[in-house]
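Accompanying notes for the structure given below.
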There are 2 protein chains.
Amino acid sequence: MSAVPDLESRVVDEHHQALKLWLRLLACTARIEGVIRNRLRGEFETTLPRFDLMAQLERHPDGLAMGELSQRLMVTGGNVTGITDQLEAEGLVQRLVPPDDRRSTLVKLTPAGRRQFRKMATTHEGWIVELLDGWSVEEKAQVQALLGILKLHLAQVDPPTAPVRRRGKRA
Amino acid sequence: MSAVPDLESRVVDEHHQALKLWLRLLACTARIEGVIRNRLRGEFETTLPRFDLMAQLERHPDGLAMGELSQRLMVTGGNVTGITDQLEAEGLVQRLVPPDDRRSTLVKLTPAGRRQFRKMATTHEGWIVELLDGWSVEEKAQVQALLGILKLHLAQVDPPTAPVRRRGKRA
DNA sequence: TATTGTTATACTCTATAACTATA
DNA sequence: TATAGTTATAGAGTATAACAATA
């Protein structure tokens, strides 16, 4: 047997390894995400995008502009408007117009929103601890490091971009 | 300082570790999934659920019943009907009624569907290899093993279930 | 003219529940 | 009465593009 078939079969095996790894990675992540979505819905009547938006605001107590939220959440402006509308109607966030640029809108958590988010965040963290408890502290650190490597690679392969805002009136 | 504050801060740190790990895991997976979705759409005008359904059929050349597809894909029957309708209209799958139970419907790939799926699967596998190329063969094996541990844990925590089919006429 | 945010629309994916046909 | 699949409906989440107000 020449080296060529070995080389080829090694390549095939490595492809197979990558695919199997991806399927397992996706399955584990999707399971955890599903549990989180269900529990957020069942216990707080909220959704992951709403939670994520509030999490951004909690990290920026002075408020964020709609456009900044759009970029950080990696979704288009229309979506941010919709989610913000819901949260505002429930009194969890407020919109403010900065005097220096009246085109803009700052979104902030209300005191009630902050209280609500902190309650949810604590519970949420408990869920994550529970769901990742299959890993020891050392294993968690290993995975964190390995994912760090992957993250760097992914940034090169196909840089993450929020959906692009087309402007102007051209077709 | 007593041992209690140390214990508490260790617990807090470990919670923080789990949360950071989850955020990174989610970010990496979501990025890869997003790339795959975009490319499936751009190059094959298809979607992940459609791809997944065809993948199931490719593994079961004799066909699968709608209910089996529903279980394997972890979605409700109505969804499977909808996706199958699309694929059937495009000539990629066919429905067959088994003579022994005419309530049932077997879904199979057509020859054209099989050709199309194989083309997509090869390209798809290449994308996965590319996206996971940040990891060496050894690192991939490590992650695979670590995810295996997590998978076992998750099965205990909150067993995965396909959406339950409610039957009968009770409210 | 450019930018910010909003609105209107459409599409995919999902679940629920009533319904039809068969068993 | 139970089961398999379909249909109808609803709702989340997303993107696109036209639009108004402001710069």
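Below, chain A is the first sequence line, B the second, and so on; all start at residue 1.
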message = In this structure, how many angstroms lie between the C1' atom of D:dG13 and the CE atom of A:M74, rounded?
response = 15 Å
key: Closest non-hydrogen atom pair between A:Q144 and B:L21, with its separation   = OE1-CA, 3.0 Å
d(CZ, B:R41; P, C:dC11) in whole Å = 11 Å
Spacing between A:L40 atom CG and D:dG13 atom C1', to the nearest angstrom = 15 Å
ask   = Which listed nucleotide (C:dG5, D:dA15, C:dA15) is nearest to the side chain of B:N79?
value = C:dA15
Distance in angstrom units between B:L96 CG and D:dG5 C1', rounded = 15 Å
request  = Rounded off to whole Å, could you give me the CG-to-P distance for the B:L48 and C:dC13 pair?
outcome  = 9 Å
Per A:T76 side chain, nearest of listed nucleotides C:dC13, D:dA15, C:dG5 = D:dA15
ask   = Between A:R37 (CZ) and D:dG11 (P), how many Å, whole number?
value = 18 Å
task = Mind checking the CD-CG spacing from A:E33 to B:L25? Nearest 0.5 Å is all I need.
result = 10.0 Å
query = Once you round it to whole Å, what is the distance between P of D:dG13 and CG of A:D52?
reply = 10 Å
ask   = Between C:dA15, D:dA21, C:dT6, which nucleotide gets closest to the side-chain atoms of A:R103?
value = D:dA21
inquiry  = Can you work out whether A:G82 or B:Q86 has the more 5'-proximal nearest nucleotide on DNA chain C?
reply    = A:G82
query = Among C:dG5, C:dC13, D:dT16, which nucleotide sits nearest the side chain of A:S104?
reply = C:dG5
request  = For B:R50 and B:M120, run side-chain contact (heavy atoms from CB on, under 4.5 Å): C-alpha distance rounded to whole Å, both residues' side-chain angles, the deciding distance at 0.1 Å, then the answer.
outcome  = CA-CA 11 Å; B:R50 287 167 50 123; B:M120 292 194 297; over 6 Å; no
request  = Under 4.0 Å between any heavy atoms, over every strand shown, what does B:T81 touch: base, sugar-phosphate, or nothing? Just pick one.
outcome  = base
ask   = Relative to the 5' end of DNA chain D, which residue comes earlier, A:G77 or A:R50, by the nucleotide with the nearest heavy atom?
value = A:R50
task = Kindly indicate, with the supporting measurements, whether the criterion side-chain contact (heavy atoms from CB on, under 4.5 Å) is fulfilled by A:T105 and A:T84.
result = CA-CA 11 Å; A:T105 307; A:T84 302; over 6 Å; no
key: Close side-chain approach of A:T123 to A:F44, heavy-atom, < 4.5 Å   = yes
query = So, does the side chain of B:R102 form a donor-acceptor pair with the base of C:dT22 at under 3.5 Å?
reply = no
message = From CG of A:D101 over to C1' of C:dG5, roughly how many Å is that when rounded to an integer?
response = 11 Å
task = Answer with base, sugar-phosphate or nothing: what part of the nucleic acid does A:R95 contact at a heavy-atom distance below 4.0 Å?
result = sugar-phosphate
